[in-house]
Structure formats: C-alpha cells, structure tokens
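For reference, the structure discussed in these notes is given below.
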Amino acid sequence: MSQTLASISAKNKNSFFKGQHAIVVGGSSGIGAGIAVRLAKAQFDVTIIGRNESRGAEVVNEMKLQNSDGVYSFVSLDCHLLSNIFGLSSKFPRVDRLVLSQGVGTLQGRTETPEGIDQKLALHYYGRMAFIEEFAGKLRESSGPRVLSVLSAGIHSPYKDYKTDPELKSHYSLRNAADIAGFYTDLALEHLAEDPLNKDKIVFAHSSPGVVDTNWGHGMPLLVRGLLYPLKKIAGKSRDDCGEFMCDFLLDKDVTPGELKLINQYGGPAKVCAVSDREEAKSFVWKHTLEVFERVRSTLSN
C-alpha cells in the first residue's frame, strides 16, 4: 500500500544515521539531488557523483544547510564509461547506502560510448551494475547496507530478444531502450539479492519516481520540451517531495534483506514484471553483464 507524503515524512523525521556514509550517483541534479539533500537531513555523510561541478557545488551547499556537522563532497565522473567506475571503491573507506539515479532523456538512436555500449544503457543499466559490483565489498562491511536504483520499477515491459540481441544492436528503439534497462535491472538486482554473499546483508531496491519537476529532457527537441513542461508543472512532484518518497526505503529501520524490493513513486510496492522464463532470464542477464564488464576490462589491459 502506498503512503502519503505526510505519513512518510512523519515516520522518518527522527531517523538519523550520524557517521554513516551514502553515495548518490547522479546526485548533482534532479531526483538524485533531492535524495542527497534528504539523506543529509538524516545526518548521513554524503558523496554525490556527477559531471557538472557547479551544480555539484550547489547541492553540497544545500546539504550543509541541512546538517552543518556532516561531511559532504562532490566527485566529478563521466558515468558513461565503465572504466571510470572500476577501482573507484578504493577511494572510500566506508559505504552504507548506494543510490543510482544517473540518466539521460533524449530521442537519439543507438549511440555508442568509446567502450562500445549504447549511451543510455551505459547510464541506466551497465554503469549502475558496475557501481554495485565495485562497492559490494564495502557495502557488506556495513551494519545495514542498502542499494537503490531509481529507474522504472513496475512500469516497464519485458524485453523478449534478450538472448539474441542483449545490447540492442539490432532491435534499438526508444521503447526497447527503456524496457531493457528496467527489465535487466529487475533481473540483475534479484540475482544479487539472492546471492549467498548478499542475501543476509545487502538490501536491494528498484524504484520508479513517477513524474518529477526537474530538468529531465532538457536535451530533447524544443517541441518535445514544450510538451513536457506543463506535464511536469501540473502533474509532477517537486524534487524534494520525490526525494522524501524515494528515501523511505533508505531510512526505514524495518527493511530486511533477502529479496528485491520493487517500489512505486509513492514508496509503496510496485508490480512485478511478469517473465515466463524468469530464472533462465535472470541467469542469462547477469552472465551477460559480467561479460560486458570483462570486455571493457580487457581493453584497459591492452
């Protein structure tokens, strides 16, 4: 059952995590910034990772206003490239929460990064899983670690060609690019939640934020932006309200590990994407993901 903003705010208003550290990828703007500021209010030390240093500095200042005793920082990183993520965990002695909200809204077709991965899929799926793999060891050392990927829980469809075209090289469309990221996220996070190394330690969640009044889609054509603007202003939640809803999972002391949590835009349970061959798909997608990681790593050693 979904909760109201007032009920979530009241429930979590006295939840404090002084001394714990959260990393928010994509935290320099939009939904990620709203989450980062709310975590600072809960007395987490927070590192935000993004590309825009000036926006990152603004969010760091916002977090300081929430809790002047906290430790806040911005790390500049191009998250399109998995090679920028590998090895990053060595710079952080402790991680208790990992939030993945990086993304892009464009109408472009398949556009490969220098690593041969579509830009949208690099941000929305492969890069997020690379962050999880990179920080899993640090997370397991925490007393109550959680991982949240903010994307499309409960609103995406399965991608049926995952075995024959797992990277959308032949079946690319805007719909498929959106569906495959959410579909793969569900399956990969289920696999990770059930992994014996994680199932009694790390709690994983995939959420959908709904319509939010942010600058998402600023790279789209003027006509499309004109259509999005009234939708976001009329139907959209504010960045901070969305942050409150998304942070319920990160602040709730009663969350337990063992299975993937699917969360809707109001903090309630999202519907499960039905897949007839779920176990087979789960195994295939995670194996494919590790193969992509290894392919990128092999180019680094050459």
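Position 1 is the first residue of the sequence, and the numbers go up from there. For the numbers below, each heavy atom of this structure counts, side chains included, while hydrogens, waters and symmetry mates do not.
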Under 4.5 Å between side-chain heavy atoms, counting indirect links through other Ile/Leu/Val/Met/Phe/Trp/Tyr residues: same cluster for [X] and [Y] or not?
X: V46; Y: F16; result: no
X: L151; Y: L187; result: no
X: V150; Y: I155; result: no
X: Y172; Y: Y125; result: yes
X: F17; Y: M246; result: yes

Side chain of [X], backbone of [Y]: donor and acceptor closer than 3.5 Å?
X: S208; Y: N264; answer: no
X: T111; Y: G109; answer: yes
X: N84; Y: D78; answer: yes
X: H206; Y: A153; answer: yes
X: D165; Y: S170; answer: yes
X: T185; Y: A181; answer: yes
X: S283; Y: E279; answer: no
X: H171; Y: D161; answer: no
X: S68; Y: K64; answer: no

Are side-chain heavy atoms of [X] and [Y] found at a separation under 4.5 Å?
X: L290; Y: H288; value: no
X: L139; Y: K201; value: no
X: S149; Y: F204; value: no
X: D118; Y: H80; value: no
X: E280; Y: K163; value: yes
X: Q102; Y: H124; value: no
X: I117; Y: V296; value: yes
X: Y266; Y: T4; value: no

With a 3.5 Å cut-off and no angle check, do the side chains of [X] and [Y] form a donor-acceptor pair?
X: T299; Y: E115; answer: no
X: K237; Y: Q265; answer: yes
X: S157; Y: R175; answer: yes
X: Q66; Y: Q43; answer: no
X: Q119; Y: T113; answer: no
X: N52; Y: S54; answer: yes

Provide the closest heavy-atom pair for [X] versus [Y] in the form atom of the first, atom of the second, distance.
X: G56; Y: F74; answer: CA-CD1, 3.7 Å
X: A177; Y: I180; answer: O-CG2, 3.4 Å
X: I85; Y: G127; answer: CD1-O, 3.6 Å
X: E134; Y: S89; answer: OE2-OG, 2.6 Å
X: A36; Y: V59; answer: CB-CG1, 4.4 Å
X: G27; Y: S101; answer: N-OG, 4.4 Å

Measuring from atom [atom1] of [X] to atom [atom2] of [Y], what distance do you get when rounded to the nearest 0.5 angstrom?
X: L100; Y: I132; atom1: CG; atom2: CD1; answer: 5.5 Å
X: L250; Y: D96; atom1: CG; atom2: CG; answer: 11.5 Å
X: T47; Y: L98; atom1: OG1; atom2: CG; answer: 11.0 Å
X: L148; Y: C247; atom1: CG; atom2: SG; answer: 8.0 Å
X: I48; Y: S76; atom1: CD1; atom2: OG; answer: 10.5 Å
X: I49; Y: S28; atom1: CD1; atom2: OG; answer: 10.5 Å

So does [X] pair up with [Y], basic N to acidic O under 4.0 Å?
X: R128; Y: E133; answer: no
X: K287; Y: E291; answer: yes
X: R110; Y: E112; answer: yes
X: K41; Y: E62; answer: no

When you look at R295 and E167, which way does the salt bridge (Lys or Arg N to Asp or Glu O under 4.0 Å) test go after all the steps?
-> CA-CA 13 Å; R295 186 180 76 204; E167 294 183 61; 2.8 Å; yes
Walk me through it: do D45 and H21 pass the test side-chain hydrogen bond (donor to acceptor under 3.5 Å, both in side chains)?
-> CA-CA 5 Å; D45 295 330; H21 179 224; over 6 Å; no
Kindly assign one of parallel, tilted or perpendicular to the pair Y162 and F183, based on the angle between their ring planes and the thresholds 30° and 60°.
-> tilted
Before giving the answer on side-chain hydrogen bond (donor to acceptor under 3.5 Å, both in side chains), spell out for D248 and N12 the whole-Å C-alpha distance, their side-chain angles and the decisive distance to 0.1 Å.
-> CA-CA 7 Å; D248 184 46; N12 295 322; 2.9 Å; yes
Verdict with reasoning, F135 to F92, per ring pair (Phe, Tyr, Trp, His ring centres under 6.0 Å) = CA-CA 9 Å; F135 284 95; F92 300 92; 5.8 Å; yes
Begin with the C-alpha distance, continue with both residues' side-chain angles, and end with the deciding distance and a verdict on side-chain hydrogen bond (donor to acceptor under 3.5 Å, both in side chains) for R97 and S142.
-> CA-CA 9 Å; R97 301 288 190 275; S142 170; 5.2 Å; no
Cation-pi, Y184 ring and K282 (6.0 angstrom, 45 degrees) = no
Decide side chain to side chain contact (heavy atoms under 4.5 Å, CB included) for K261 and V203; before the verdict, give the C-alpha distance in whole Å, the side-chain angles of both, and the deciding distance to 0.1 Å.
-> CA-CA 8 Å; K261 317 297 182 185; V203 191; 3.8 Å; yes
